[in-house]
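Some notes on the structure that comes next.
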Amino acid sequence: MPPPERASEHPTDFVGGHRQITSGCAALVVAAGSGERLGAGRPKAFVALAGRPLLAWSLEAIAAAAVPRAVVAVPPGHGAAAEEALAGAAGSFALGLAVVEGGATRSQSVRNALAAAGDMEAVVVHDAARPLATPELFTRTLAALADHDAAIAAARVTDTIKEAGPDCVVTRTHDRSRLWAIQTPQAFRAESLRRALDVPAAVLAAATDDAWLVERAGGSVRVVEAPASNIKVTTLHDLRTAESALG
Ligand code: CTP
Ligand code: MG
């Protein structure tokens, strides 16, 4: 992969009559969920975390990892709010930003962001809901792409995992040493991701992570060890946990 391009001197470029990303590597940040389980009355990505929108923390880490550009998928109808939130935050980091409308499912949001990213060699997909991902984790996932179609952040499983039937009777205990809890960032060869996402809406809807789509298309996916502290903010409890980690 070529080295990342120098960051734009004009940090905010919005799709919709504006410039398209044309080369290198881009981050695709999915922020188009409604945040139902958090229950903040607005999309989770715009909820304040330690004084800034949740989304801003991820974008800062991406910029610090020297990824030059990011495409952010936001809920339909929230483009203006996103532009406002990002324009406020964009001054604090050098990152070319584009905003696109997300889809009905997470994978559709990824597909929309990928389409807007233009001709990239590599992309790194990240959930806006993971504000604690470090720049170093972005760098390591991108570097691990060398011999694979995808390289995904994952934490070793520390609990013992058992399988049980509908009657709650245990049928199997898994070998924990081979189990990984999958996170984002997830880095992809852009062409592999594009092909993997070119599937019917029902398959996209069933995907809880994009790497699975690459796996089912026969691609090679490797895990990159990440700390369990890279949590996904789902509930109010998670938001508080993230807040104490940042404070
Ligand atoms: N996401 C997205 N488009 C969707 C659904 C989810 O871009 N149609 C994004 C979310 O914004 C989030 C990430 O995917 O950054 C992980 O999803 P999740 O944690 O489930 O977030 P929400 O869907 O917003 O939360 P909830 O399921 O509680 O409504
Ligand atoms: Mg969701």
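Computed from a predicted structure; not experimentally measured. Both counts, for ligands and for their atoms, begin at 1 and track the order of listing. Computed over heavy atoms, backbone and side chain alike; hydrogens, waters and symmetry mates excluded.
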Report summary line: Looking at S107, P75, A113, G33, the heavy atom closest to atom 10 (C) of ligand 1 belongs to G33
Query raised in the report: Any idea which of D127, T184, D238, V29 brings a heavy atom closest to atom 13 (C) of ligand 1?
Result: D127
I'd like to check whether [X] has a polar contact with ligand 1, where a contact means an N/O of the residue lying under 3.5 Å from an N/O of the ligand.
X: V233; answer: no
X: L38; answer: no
X: A73; answer: no
X: T234; answer: no

Provide the closest heavy-atom pair for [X] versus [Y] in the form atom of the first, atom of the second, distance.
X: A128; Y: A45; answer: CB-CB, 4.2 Å
X: S109; Y: G102; answer: OG-CA, 3.5 Å
X: I182; Y: R130; answer: O-NH2, 3.7 Å
X: D238; Y: T234; answer: OD2-N, 2.9 Å
X: V123; Y: L193; answer: CG2-CD2, 3.8 Å

Verify, without hydrogens or angle tests, whether [X] (side chain) and [Y] (backbone) share a donor-acceptor contact under 3.5 angstrom.
X: Q183; Y: P227; value: yes
X: R189; Y: H148; value: yes
X: R176; Y: T158; value: yes
X: S58; Y: L54; value: no

Under 4.0 Å to a heavy atom of [X] - the qualifying atoms of ligand 1, by number:
X: T105; result: 3 (N), 4 (C), 8 (N)
X: A104; result: 8 (N)
X: S109; result: 2 (C), 3 (N), 4 (C), 7 (O), 8 (N)
X: S34; result: 24 (O), 29 (O)
X: K44; result: 18 (P), 19 (O), 21 (O), 22 (P), 24 (O), 25 (O)
X: G35; result: 22 (P), 24 (O), 25 (O), 28 (O), 29 (O)

Query raised in the report: What part of A32, side chain from CB on, backbone N/CA/C/O, both or neither, has a heavy atom under 4.0 Å from ligand 1?
Result: both
Report task. Could you see which bit of V110 sits under 4.0 Å from ligand 1, with heavy atoms only: side chain, backbone, both or neither? Result -> neither
Query raised in the report: Considering only heavy atoms from C-beta outward, does the side chain of V72 approach that of L55 to under 4.5 Å?
Result: yes
Distance from [atom] to nearest protein heavy atom, with residue and atom:
atom: atom 20 (O) of ligand 1; answer: R37 NH2, 3.0 Å
atom: atom 19 (O) of ligand 1; answer: K232 NZ, 2.7 Å
atom: atom 12 (C) of ligand 1; answer: V30 O, 3.8 Å
atom: atom 29 (O) of ligand 1; answer: E36 N, 2.8 Å
atom: atom 8 (N) of ligand 1; answer: G103 O, 3.0 Å

Query raised in the report: In terms of ring plane angle, is the pair H78 and F46 parallel, tilted or perpendicular, where the classes change at 30° and 60°?
Result: parallel
Query - Test applied, side chain to side chain contact (heavy atoms under 4.5 Å, CB included); reference residue, V125; option that passes from I152, D210, V29, D209 - result: D210
Query raised in the report: Does ligand 1 have any atom that is closer than 4.0 Å to a heavy atom of A31?
Result: yes
Query raised in the report: At the 4.0 Å heavy-atom cut-off, does A128 count as touching ligand 1?
Result: yes
Query raised in the report: Is any heavy atom of the protein nearer than 4.0 Å to atom 17 (O) of ligand 1?
Result: no
Query - Matching residue for D127 among Q186, K232, R106 - test: side-chain hydrogen bond (donor to acceptor under 3.5 Å, both in side chains) - result: R106
